[in-house]
Amino acid sequence: MTYILFDLDGTLSDNSVGIQGGVVRALERFGRKVREEDLWRYIGPPILDSFQKYDGLTLDEAQEGIGYYREYYQEKGIYENILYDGIIEVLENLHGADYRLVVATAKPEPFAKAILEKFGVAHFFEGIYGASMDNSRIHKEDVIEYCLREQGISAEDAVMIGDREHDILGAKTHGLRSIGVLYGFGSREELESAGADEIVMLPKDIPQAIQKVFS
């Protein structure tokens, strides 16, 4: 069987408004502001890491900030989300072609499941794997390892699809092929530098890219 691992934010859905709203809410609690044009960088990497890297929070402060972020996200941010145009058709196409689909996201697993159920697409996936709520599993390589282990997937039988370098680098860590998407939040330069095997412009290009990386 061939397994397709999908990232969530920036790959299946655009949750930028919800994520950015949560970041702003959390940073306000520390008296910090972030420029609107810089909010994109919080989409993809673990928020815990971003608070330390971009805002100078200590680990303890960043963990506190995650709590504020999740308060907003559970209340409002989870609903500030839309599927990308064409994604449902791609999932139907791949599912009908007997690929095994799973989600591997750095978003907390309960949130990821709730979002995909809200959109009515959870049934396409063999499993939905995400970050742990206790922050013990937050990096993409750890989520991918968790997904592979739980599903019993061999690296040679899988490809990771995502929009940021973390998706591509996480895949390479475990010997998976990778496909970068440009309709999300990463640039072509970022995805090429990370070593994506294929890069696509639109969701409709994904099935052909999958065939290419396994040819």
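Since the model is a prediction, treat every value here as computed from it, not as a measurement.
Rounding to the nearest 0.5 Å gives a distance of 8.5 Å between CG of Leu191 and CG of Asp167. Once rounded to the nearest 0.5 Å, the distance linking CD1 of Ile87 with CD1 of Ile82 reads 11.5 Å. The distance from the OG1 atom of Thr58 to the CD atom of Glu64 is 8.5 Å, given to the nearest 0.5 Å. Atom OG of residue Ser50 and atom CG of residue Leu27 lie 10.0 Å apart, to the nearest 0.5 angstrom. For the atom pair CD of Glu145 and CD1 of Ile153, the computed distance is 12.5 Å after rounding to the nearest 0.5 Å. Here the OG1 atom belonging to Thr105 is positioned 10.5 Å from the CD1 atom belonging to Ile128, to the nearest 0.5 angstrom.
In this structure, the side chains of Tyr42 and Gln20 stay at 4.5 Å or more apart for every pair of heavy atoms. The shortest side-chain heavy-atom distance between Gln63 and Leu59 falls under the 4.5 Å cut-off. Between Asp49 and Ile138, the closest side-chain pair of non-hydrogen atoms falls below 4.5 Å. Asn15 places none of its side-chain heavy atoms less than 4.5 Å from the side chain of Tyr79. Leu57 is listed as a side-chain neighbour of Arg32, based on a closest heavy-atom distance under 4.5 Å. Residues Ile179 and Asp197 have side chains not in contact (no heavy-atom distance under 4.5 Å, counting atoms from C-beta outward). Looking only at side-chain heavy atoms (C-beta outward), Lys113 and Val103 stay at 4.5 Å or farther from each other. At a threshold of 4.5 Å between non-hydrogen side-chain atoms, the residues Phe119 and Ile88 do not count as touching.
The heavy-atom pair separating Met201 from Leu182 by the smallest distance is SD-CD1, 3.4 Å. Looking at every heavy atom in both residues, Ala122 comes nearest to Glu117 through CB-CG, 3.8 Å. Closest approach of Ala155 and Leu176 over heavy atoms only: CB-CD1, 3.9 Å. Of all heavy-atom pairs between Ile199 and Glu192, the closest is CD1-CG, 3.4 Å. Nearest approach of Ala196 to Ser178, heavy atoms of both residues: CA-OG, 3.5 Å. Smallest separation of non-hydrogen atoms from Lys172 and Ala194: CD-O, 3.1 Å.
Under a cutoff of 6.0 Å and an axis angle of 45°, Arg29 and Tyr68 form a cation-pi pair. Because its NZ or CZ atom is both nearer than 6.0 Å to the ring centre of Tyr146 and within 45° of the ring axis, Arg137 counts as a cation-pi partner of that residue. Figure legend: Arg41 and Tyr54 shown as a cation-pi pair, the cationic atom lying under 6.0 angstrom from the six-membered ring centre and within 45 degrees of its axis.
Taking a 6.0 Å sphere around CG of Asn93, one finds it holds more than 12 heavy atoms contributed by other residues, nucleotides or ligands. More than 12 heavy atoms of other shown residues, nucleotides or ligands fall within 6.0 angstrom of atom CD in Glu37. Within a 6.0 Å sphere centred on CD of Glu156, other residues, nucleotides and ligands contribute more than 12 heavy atoms. Heavy-atom contacts from other residues, nucleotides or ligands closer than 6.0 Å to NZ of Lys118 number more than 12.
There is no side-chain donor-acceptor pair under 3.5 Å between Tyr73 and Glu80. Between the side chains of Ser132 and Asp134, at least one donor-acceptor pair of N or O atoms lies under 3.5 Å.
Hydrophobic clustering places Ile161 together with Phe185 (ILVMFWY residues linked when any side-chain heavy atoms are closer than 4.5 Å, directly or through intermediates). Note on Val23 and Ile115: same hydrophobic cluster, where clusters join Ile, Leu, Val, Met, Phe, Trp and Tyr whose side-chain heavy atoms are under 4.5 Å apart, directly or indirectly. Criterion: ILVMFWY side-chain heavy atoms under 4.5 Å apart, direct or through other members. Under it, Tyr129 and Tyr99 are not part of a common hydrophobic cluster. Residues Ile66 and Ile19 share a hydrophobic cluster, clusters being chains of Ile/Leu/Val/Met/Phe/Trp/Tyr side chains in contact below 4.5 Å. Following chains of ILVMFWY side-chain contacts shorter than 4.5 Å, one cannot reach Met160 starting from Phe125, and the two form parts of different hydrophobic clusters.
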Check your understanding: Given the rule in the side chain to side chain contact (heavy atoms under 4.5 Å, CB included) test, do Leu101 and Glu126 qualify, once you have shown the distances and angles that lead to the verdict?
Key -> CA-CA 6 Å; Leu101 312 183; Glu126 302 278 324; 5.8 Å; no
Point to revise | Check against ring-ring contact (aromatic ring centres under 6.0 Å, His included), Phe30 and Phe51 | key: CA-CA 11 Å; Phe30 294 96; Phe51 281 160; 7.6 Å; no
Practice item. Give the intermediate values and the outcome of side chain to side chain contact (heavy atoms under 4.5 Å, CB included) for residues Arg100 and His95. Key: CA-CA 7 Å; Arg100 298 291 182 91; His95 193 263; over 6 Å; no
Check your understanding: How far apart are the C-alpha atoms of Lys204 and Glu89, what are their side-chain angles, what is the distance that settles it, and do they pass the side chain to side chain contact (heavy atoms under 4.5 Å, CB included) test?
Key -> CA-CA 8 Å; Lys204 68 179 180 63; Glu89 290 78 7; over 6 Å; no
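The backbone N or O of Tyr69 lies less than 3.5 Å from no partner atom in the side chain of Arg25, so there is not a single donor-acceptor pair. Not a single donor-acceptor pair under 3.5 Å links the side chain of Asp38 to the backbone N or O of Arg35. With hydrogens and angles ignored, the 3.5 Å screen pairs no side-chain donor or acceptor of Glu141 with any backbone N or O of Gly170. With hydrogens and angles ignored, the 3.5 Å screen pairs no side-chain donor or acceptor of Ser154 with any backbone N or O of Asp157.
For Val24, the side-chain contact (heavy atoms from CB on, under 4.5 Å) criterion is met by Glu28, Val34, Leu39, not counting sequence neighbours.
When each of Asn81, Val121, Asp163, Leu91 is checked for a side chain to side chain contact (heavy atoms under 4.5 Å, CB included) with Leu12, only Leu91 meets the rule.
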Result block: side-chain N/O donor-acceptor pairs under 3.5 angstrom for residues 1-9, not counting sequence neighbours:
from	atom 1	to	atom 2	distance (Å)
Asp7	OD1	Lys140	NZ	3.3
Asp7	OD2	Thr11	OG1	3.1
Asp9	OD2	Lys107	NZ	2.9

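Note on Glu190 versus Arg164: salt bridge recorded, some NZ/NE/NH1/NH2 to OD/OE distance being below 4.0 Å.
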